[in-house]
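Numbering of ligands and ligand atoms starts at 1, following listing order.
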Amino acid sequence: MAGGGFVAQSGGRNYEGGVTTFVIITCLVAAMGGLIFGYDIGISGGVTSMDSFLKKFFPSVYNKEKEERHDNMYCKFDSHLLQLFTSSLYLAALVASFFSSTVTRLFGRKISMLCGGLVFLVGAIINGAAENVAMLIIGRLLLGVGVGFANQSVPIYLSEMAPAKIRGALNIGFQMAITIGILAANLINYGTSKIEDGYGWRISLALAAVPAVMIVVGSFFLPDTPNSILERGYPEKAKKMLQKIRGADNVEAEFQDLVDASEAAKKVEHPWKNILQPRYRPQLVICALIPFFQQITGINVIMFYAPVLFKTLGFGDDASLMSAVITGMVNVVCTAVSIYSADRFGRRILFLEGGIQMIISQILVAVMIAINFGTNGVGEMSGSTANFVLFLICAYVAAFAWSWGPLGWLVPSEICPLEIRSAGQAINVSVNMFFTFFIGQFFLTMLCHLKFGLFLFFAGFVVIMTIFIYFFLPETKNVPIEEMNTVWKAHWFWSKYIPDDAVIGVETHTA
Ligand SMILES: OC[C@H]1O[C@](O)(CO)[C@@H](O)[C@@H]1O
C-alpha cells in the first residue's frame with residue numbers, strides 16, 4: 001500500500017502535478033465521443049415527423065396520422081413501428097456495451113473509442129443512402145453499436161485521465177458533447193425539414209458521419225490512460241504517461257496508487273462474477289440504479305419527442321421545432337453550470353437541488369395539461385398558457401442538465417475500483433440504454449393511457465431517487481479515483497460491505 005501522506009478534507013490525498021494543457025486537450029477530444037450519441041438522440045424525433053420520410057418508409061403510419069388528425073390528442077402519435085425506429089438503436093447499444101467492456105479492458109480505452117467511431121461511421125453512411133426499411137434498420141443497429149462502444153469507453157477514459165480535483169469538470173465534457181450533439185441535430189432538422197424536394201431526412205441522417213469522423217480521427221491520436229497501460233502490463237510506459245499528463249516528474253504517490261489498484265485488479269479473474277461480491281455491493285447498486293433513475297426522470301420524452309409534444313400542446317409545426325431548439329439550448333447552457341459546480345460544490349447538492357426543481361416543474365406541467373385537456377384529451381391551450389408550459393419544461397430540462405444528466409455518467413465512472421471498473425461501466429451503459437429504449441418505445445403509448453398522469457408518474461420517481469441520493473450516495477468530489485474506498489468505508493450504510501484491506505493509499509483518517 002502506498003505510504004501515508006496528506007488527507008484531503010473529502011477523504012482523499014493530494015497528488016503532485018497539476019492540470020496540464022495536454023490533459024485538457026485529450027479530454028476534450030475524447031469527450032467528442034458524446035457527440036455521436038447526442039446527435040442520434042436529437043435527430044430521430046425530427047426525422048420521423050417529416051412527411052417525406054414517413055411516406056417512403058412507413059406509409060401506413062403516414063396514412064394513419066393524416067386520417068386521425070382530430071382524435072384525442074393524447075393518442076395522436078401512438079405507433080409502435082415508428083417508436084421502434086427511434087428505440088432500436090439503444091437495444092444494439094445495450095448489447096454492444098458488453099462486448100466493448102472486454103475490448104476496453106483488454107485492448108485499452110482508445111481502441112474501444114476508435115472501434116465505436118468506425119462502426120458508427122458505416123452506420124451513418126448506410127442510413128444516409130437508405131433505399132428501404134432494411135437499410136434503415138441495419139444502419140440504426142450499427143449506429144447503436146458505435147454508441148455502445150463510445151459510451152462505455154469515453155467516461156472511463158475521462159475519469160482516468162483527469163486529476164482528481166477537476167475530474168468532475170472533465171468528465172462532464174462527455175455530457176456536454178451529448179447536449180451539443182442533440183442541439184446540433186435539432187438545428188439541422190429545423191433546416192432540413194424546409195427542403196422541398198423531400199430528401200431533407202437523408203441529409204439529417206447522413207450528417208451523423210461528421211461527429212463519427214471527429215471521434216475516429218480524434219481517438220487515433222489520443223494516448224491511452226496510464227491506468228489502462230498499466231493494466232495491460234507496461235509499468236514504465238504507464239509512468240511516463242502519468243508524468244506527461246500531470247506535467248510533473250514526481251508522480252510517485254499517484255503512480256503507487258495505480259500500481260496498488262492494478263495489483264488488486266490482477267487478482268480478479270472474472271470482473272463479472274466479482275462485481276457480485278458483497279465488497280462491491282455499493283458500486284453494483286449505484287451503477288445499476290443511477291442510469292435507471294436518470295432515464296426514469298422522463299428526460300428523453302422531451303429529447304425524443306419535443307416537437308411532437310409541443311405540437312400536441314397546440315404549437316404550429318415551425319414553433320414546435322423552434323421550441324425543441326430552445327430546450328436544446330437550455331440543456332447545453334445548464335450542463336455548463338454543472339461543469340463549473342460539480343468539483344466546487346459537490347455532486348450531492350446538484351443531485352438534490354436538481355431533483356426538487358424537476359419535481360416541482362413536472363407537477364406543474366401535469367396540472368396545466370390536466371386543466372386544459374382533461375382526461376379525454378380534447379381542448380386547447382391559449383398562447384400564453386402554452387408559453388408558460390414551455391417555460392416549465394425549460395426549468396425541468398435545466399435542472400436535469402446540471403444534475404442527473406452529467407452526474408449519471410460521472411458518478412458510476414468514478415466510484416468503481418479498477419478491477420470492476422469496466423464491468424461497472426458496462427452495467428451503467430446497458431441499464432441506461434435499456435431504459436432509453438424503453439422510454440423511446442413506450443412513451444407515446446404511455447401518454448395515450450396515463451394522459452397528464454404520465455408527468456406525475458415521472459415526478460413520483462424523481463421523489464424516490466432524490467431520497468435515495470440523500471441517504472445512499474456519499475460525496476465523491478476531489479477524491480482520487482483509486483482511493484474511493486475510503487469514502488465507502490466512512491459511509492453509515494455501505495461501510496459494512498468494505499473490508500479494511502480494500503482501502504488503498506490512506507493511512508491517516510480525518511473522519
Ligand atoms: O441531455 C439529455 C440526454 O442526456 C442523457 O440522459 C444521457 O446522459 C440522454 O439519455 C438524454 O437524451
Task: Close approach, Phe304 and ligand 1, non-hydrogen under 4.0 angstrom - done: no

TODO: Compute the minimum heavy-atom distance from Trp404 to ligand 1 and say whether it is under 4.0 Å.
DONE: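 Trp404: no contact with ligand 1 (<4.0 Å).
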
Does [X] have more than 12 heavy atoms from other residues, nucleotides or ligands lying within 6.0 Å of its [atom1]?
{"X": "Ile349", "atom1": "CD1", "value": "no"}
{"X": "Phe107", "atom1": "CZ", "value": "no"}
{"X": "Phe391", "atom1": "CZ", "value": "no"}

Which atoms from ligand 1 have a heavy atom of [X] less than 4.0 Å away?
{"X": "Met303", "answer": "2 (C), 12 (O)"}
{"X": "Phe400", "answer": "2 (C), 4 (O), 6 (O)"}
{"X": "Gln295", "answer": "6 (O), 10 (O)"}
{"X": "Thr179", "answer": "1 (O)"}
{"X": "Asn300", "answer": "9 (C), 10 (O), 11 (C), 12 (O)"}
{"X": "Gln294", "answer": "6 (O), 7 (C), 8 (O)"}
{"X": "Gly405", "answer": "8 (O)"}

- [ ] Look at atom 4 (O) of ligand 1 and say which protein heavy atom is nearest, naming residue and atom and giving the distance to 0.1 Å.
- [x] Gln175 NE2, 3.0 Å

Open item on the list: What I want to find out is whether Glu482 reaches Arg421 closely enough, with some N-O distance under 4.0 Å, to be called a salt bridge.
Closed with: yes

TODO: In plain terms, say whether Arg347 and Glu414 are close enough for a salt bridge, that is, a side-chain N and a carboxylate O under 4.0 Å apart.
DONE: yes

Open item on the list: Is there a side chain to side chain donor-acceptor pair (under 3.5 Å) between Glu419 and Asn274? Walk through the geometry before answering.
Closed with: CA-CA 8 Å; Glu419 65 271 22; Asn274 248 276; over 6 Å; no

Open item on the list: Using a 3.5 Å cut-off on N or O atoms only, is Asn331 in polar contact with ligand 1?
Closed with: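 The answer is yes, given that Asn331 and ligand 1 share an N or O pair closer than 3.5 Å.
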
Task: Row check, Phe53 ring normal vs Lys56 NZ/CZ: under 6.0 Å, within 45° - done: no

Open item on the list: Please evaluate residues Arg105 and Glu231 with respect to the criterion salt bridge (charged side-chain N to carboxylate O under 4.0 Å, His left out), reporting the C-alpha separation (whole Å), side-chain torsions for both, the decisive distance (0.1 Å), and the verdict.
Closed with: CA-CA 8 Å; Arg105 187 161 42 87; Glu231 191 182 24; 5.4 Å; no

